[in-house]
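To start, the structure itself, in structure tokens.
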Amino acid sequence: MPYDPSDPLKDRITDIGPRYYKEFFPPVIEKNYGKWLYHEILEPGVLVHVSETGDEVYTVRVGAARLLSIEFLREICEVADKHCGGYLRFTTRNNIEFMVDDKAKVKPLMDDLKARKFAAGSNKFPIGGTGAGVTNIVHTQGWVHCHTPAIDASGIVKAVMDGVYDDFGKMRLPAQVRISLACCLNMCGAVHCSDIAILGIHRKPPMIDHEYIDKLCELPLAIAACPTAAIKPAKTEGGLKTLEVKAERCMFCGNCYTMCAAMPLADEQGSGVAILVGGKISNRVSKPKFSKVVIPFIANEPPRWPGTVEAVKNILDVYAKDAKKYERIGDWAERIGWERFFEKTNIPFSHHLIDDYRFAYTTWRQSTQFKF
Amino acid sequence: MAKHKTPMLDDLEKGPWPSFVSDIKQQAEKGKQVLKDAPDDLLGVMELSYEDRVTHWKHGGIVGVFGYGGGVIGRYCDQPEKFPGVAHFHTMRVNQPASMFYKTDFLIGLCDLWEKYGSGLTNMHGSTGDIILLGTITDNLEPMFYDMTHELNQDLGGSGSNLRTPNCCVGRARCEWSCYDTQEACYQFTMEYQDELHRPAFPYKFKFKFDGCPNGCVASIARADMSVIGAWKDDIRIDQSAVQAYAGGELKPNGGAHSGKDWGKFDIMREVVDLCPTGCMWWDGKKLTIDNRECSRCMHCLNVMPRALRIGTETGASVLFGAKAPILEGAQMSTLTVPFMPMEPPYQELKDLIEKVWDWWMEEGKNRERLGELIQRDTWQKFLQIIEMEPDPRMVDEPRSNPYIFWREEEVEGGWTRDINEYRKKHQR
């Protein structure tokens, strides 16, 4: 029976969760589940995993925009039906993986993937994203769908990936480089532990829609939302209840706007990009690290954000030349010292980069071990 | 013919990387989505944002499906007259299968439904892991949900102050390092806590992420309120002949991950032994020796020589709590809480632990206070009392350097009640 709007609770099914993952395993994955011995990257974007049963699975990894149409999703399925027995997977970094169980099937698959282009010429299925290179950028919604962003997401990602495209398909770097983008400090994309993070920030305190704020918001919640206690109650000349922001205490986090739609921050000149570097998730050799702010602000420059793209490429190129094998960007910066990082990358150091929030003291240098 | 002129977005059709603009355009031209103008109008409103350099989306309204408080994000355009196709543009979060393997018939079924009820646009996937169906109107939410549950046997994911859709790495499906079955754990925890996932009752969001090993491919240590990261307790298994093959240059180090540059001949001393953070391994030219008791499982040697070294066989997971992004008290990573826990279904030990944590957080947490912030505010010591665990030096990088210990009265001989008059008998004013 189809859905009946006059009786929406009839035959209702709830709380069934996702489909069971094993329903979607290709036979070679199901058969060798938990039996994998080792893997090898045969060329950029192509992996083989070898099982103790002797079975092999070949994976071709391709980059994709996170925003996909269903027309394109149908084409992805067509590729999987044609080459992979009707199976595929996505990675946590928005890559698509096509898997085959025989080496002979790899080349026809790759040839097919390489031949497919969008109407205006961009590749539909760029192969790469493995090993010591740049893999796909994880990102947030930006101007496609979000109400709090300081920057776009999809457009900057497209521009940056065009700029570092060679490093998606090569493995010339000292270690993997994870680039992430979050369009505001809420960080739906959690970029705070990325090798290179592109983060949207605001620089103007919220405006207040005095005539409407009391109708749109719970004023005490907006006051309580401020981490620096910069917001206090006020009255308009006409006697309406409103709020007042002590601008010099504002750190532009946007938490008040999240709680109250009558306090918008985003601004053509005020909002833009901050660049953070040196974070990592993995426990390999060194502990996981937070990313650190190295460029406090780059203006929004649609459609191609050249300043942001150049900043990322510069950091990547200096790192590629200077770091030792296996060193992540953060490991490299710590070994050479942050003073050298700024010198080598030619990035100006300014007061914005010295922490003055909670636990700031833990990041100041309390030793005479520095470099001239 | 495109509905709006989008010269700036058109520039993003150039270049080698897949263009989302070209893709939205092909949906606008060829797609049969019921919200016919949605792709065109999305390009239109984005172009306007590119001109204005600010977003044109309003705060979300409260929309959803009956009985659920999460899974749908309300979204409205602030220029609805210009862009009626996206005036209402709500997102549905669909709970992805663990580790995101798909059979094409399922994806095509989902495409068919999204053609019938939505904009024809998606994210594969959202940051937390869900399949994101991007943009529909309120009236289509219930029928979409009805058809998805009936035809595809598929439920929505989480949003708001609830359990967010759990996520895991590729795990044992295609990785040799997974110390437990991340997919099964992810699935079972998702199913066990369906109520918490669909009906917001928490102070704020709560995330589970399941990483199979300390490489952390699903970023649980940075992104999950409860991070479950694979660990082994016994010895790394060594195939000495394969170690020799790596040392002799017959096998490619790190699975061939560095093949794009000539890094010179592989040097097992410099590239493996000397980089070991605990200095627990030796190479005498023929044999690799590991003092496993001193190993901290950083994974480097296994990553460099995957054919020679394998994780141990006594496997399970470490459990850490409290990671979050910066809003509001600053970014936090998860703190090691349970060094080792066996991870076998039905995972009762971990379920008992998380329920204690939730009871406390729901009682004590302030509105929009993440677990990690509550632990900071109310102390790690309090957290240990709540979860009934003994302190362990593995929980800290180092002991405190300040001596301001909050002694409890029962820890001090004779208690805290004293008589000032008795004191004065011996000490003049």
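In what follows, every chain begins at residue 1, and chains take the letters A, B, ... in the order their sequences are listed. Below, each value reflects all heavy atoms present in this structure, side chains not excepted, and no hydrogens, waters or symmetry copies.
When each of B/Asp105, B/Ile108, B/Asp78 is scored by its heavy-atom pairs under 4.5 Å with chain A, the top score falls to B/Ile108. Chain A forms the most heavy-atom pairs under 4.5 Å with one residue out of B/Glu142, B/Lys261, B/Met191, and that residue is B/Glu142. Ranking A/Gly133, A/Pro149, A/Gly121 against chain B, the residue ahead of the rest is A/Pro149, based on heavy-atom pairs under 4.5 Å. Of the listed residues (A/Cys253, A/Gly131, A/Ala119, A/Cys77), the greatest number of heavy-atom pairs within a distance under 4.5 Å of chain B belongs to A/Cys77. Contact tally against chain B (heavy-atom pairs below 4.5 Å) for A/Thr59, A/Val138, A/Ile151, A/Thr148: the top residue is A/Thr59. The residue among A/Gly155, A/Ala80, A/Ala266, A/Pro26 with the most heavy atom pairs within less than 4.5 Å of chain B is A/Gly155. Ranked by heavy-atom pairs shorter than 4.5 Å toward chain A, the options B/Ser22, B/Pro214, B/Gly256, B/Gly135 are led by B/Pro214. When each of B/Met46, B/Lys366, B/Glu184, B/Glu51 is checked for heavy-atom pairs under 4.5 Å with chain A, B/Glu184 comes out on top. Each of A/Cys146, A/Pro2, A/Cys184 has some count of heavy-atom pairs under 4.5 Å with chain B, and the biggest count is that of A/Cys146. Heavy-atom pairs under 4.5 Å with chain B were tallied for A/Arg178, A/Lys287, A/Arg93, A/Lys35; the largest tally goes to A/Lys287.
With A/Asn123 contributing its side chain and B/Pro16 its backbone, the two residues share a donor-acceptor pair below 3.5 Å. A donor-acceptor pair under 3.5 Å is absent between the side-chain atoms of B/Asn95 and the main chain of A/Gly17, judged by distance alone. Put simply, the side chain of B/Asp23 gets close to the backbone of A/Ser69: a donor and an acceptor are under 3.5 Å apart. With A/Tyr326 contributing its side chain and B/His300 its backbone, the two residues share no donor-acceptor pair below 3.5 Å. Side chain of A/Arg19 to backbone of B/Leu152: a donor-acceptor contact under 3.5 angstrom is found. The main-chain N or O of A/Pro302 is never found under 3.5 Å from a side-chain atom of B/Arg53 such that the two would form a donor-acceptor pair. A side-chain donor-acceptor contact under 3.5 Å links A/Trp36 to the backbone of B/Ala173. Not a single donor-acceptor pair under 3.5 Å links the side chain of A/Lys117 to the backbone N or O of B/Pro18. A distance-only check finds no donor-acceptor pair linking the side chain of B/Ser19 to the backbone of A/Ser122 [under 3.5 Å]. Side chain of A/His192 to backbone of B/Ala222: a donor-acceptor contact under 3.5 angstrom is found.
Considering only heavy atoms from C-beta on, A/Ile41 stays 4.5 Å or farther from B/Lys252 through its side chain.
Both tests do not hold together for B/Arg172 against A/Tyr33: distance to the six-membered ring centre under 6.0 Å, angle to the ring axis within 45°.
For the atom pair B/Arg174 CZ and A/Leu47 CG, the distance stands at 6.0 Å (nearest 0.5 Å).
Paired with A/Trp143 under the rule ring pair (Phe, Tyr, Trp, His ring centres under 6.0 Å), one option of B/Phe20, B/Trp57, B/Tyr50 passes, and it is B/Tyr50.
Here the closest heavy-atom approach between residue A/Lys289 and residue B/Met333 is recorded as C-CE, 3.6 Å.
Residue A/Tyr357 places its OH atom among more than 12 non-hydrogen atoms of other residues, nucleotides or ligands, all under 6.0 Å distant.
For B/Val86, no part sits under 4.5 Å from any heavy atom of chain A, backbone or side chain. Proximity to chain A (any heavy atom under 4.5 Å) is shown, for B/Ser178, by neither the backbone nor the side chain. Heavy-atom distances place no part of A/Ser271 under 4.5 Å from chain B, backbone and side chain included. With a 4.5 angstrom heavy-atom cutoff, A/Arg66 touches chain B via backbone and side-chain atoms both. Both the backbone and the side chain of A/His39 come within contact range of chain B, each with at least one heavy atom under 4.5 Å from a heavy atom of that chain. With a 4.5 angstrom heavy-atom cutoff, B/Leu275 touches chain A via backbone and side-chain atoms both.
Taking the six-membered ring where tryptophan is involved, the planes of B/His59 and A/Tyr257 are perpendicular, since the angle between them exceeds 60° and thus also 30°.
Under the 3.5 Å distance criterion, with hydrogens and angles disregarded, no donor-acceptor pair is assigned to the side chains of B/His198 and A/Thr14.
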Notebook entry, point to check: Can A/His147 and B/Thr55 be said to form a side chain to side chain donor-acceptor pair (under 3.5 Å), step by step?
Noted result: CA-CA 6 Å; A/His147 62 298; B/Thr55 191; over 6 Å; no
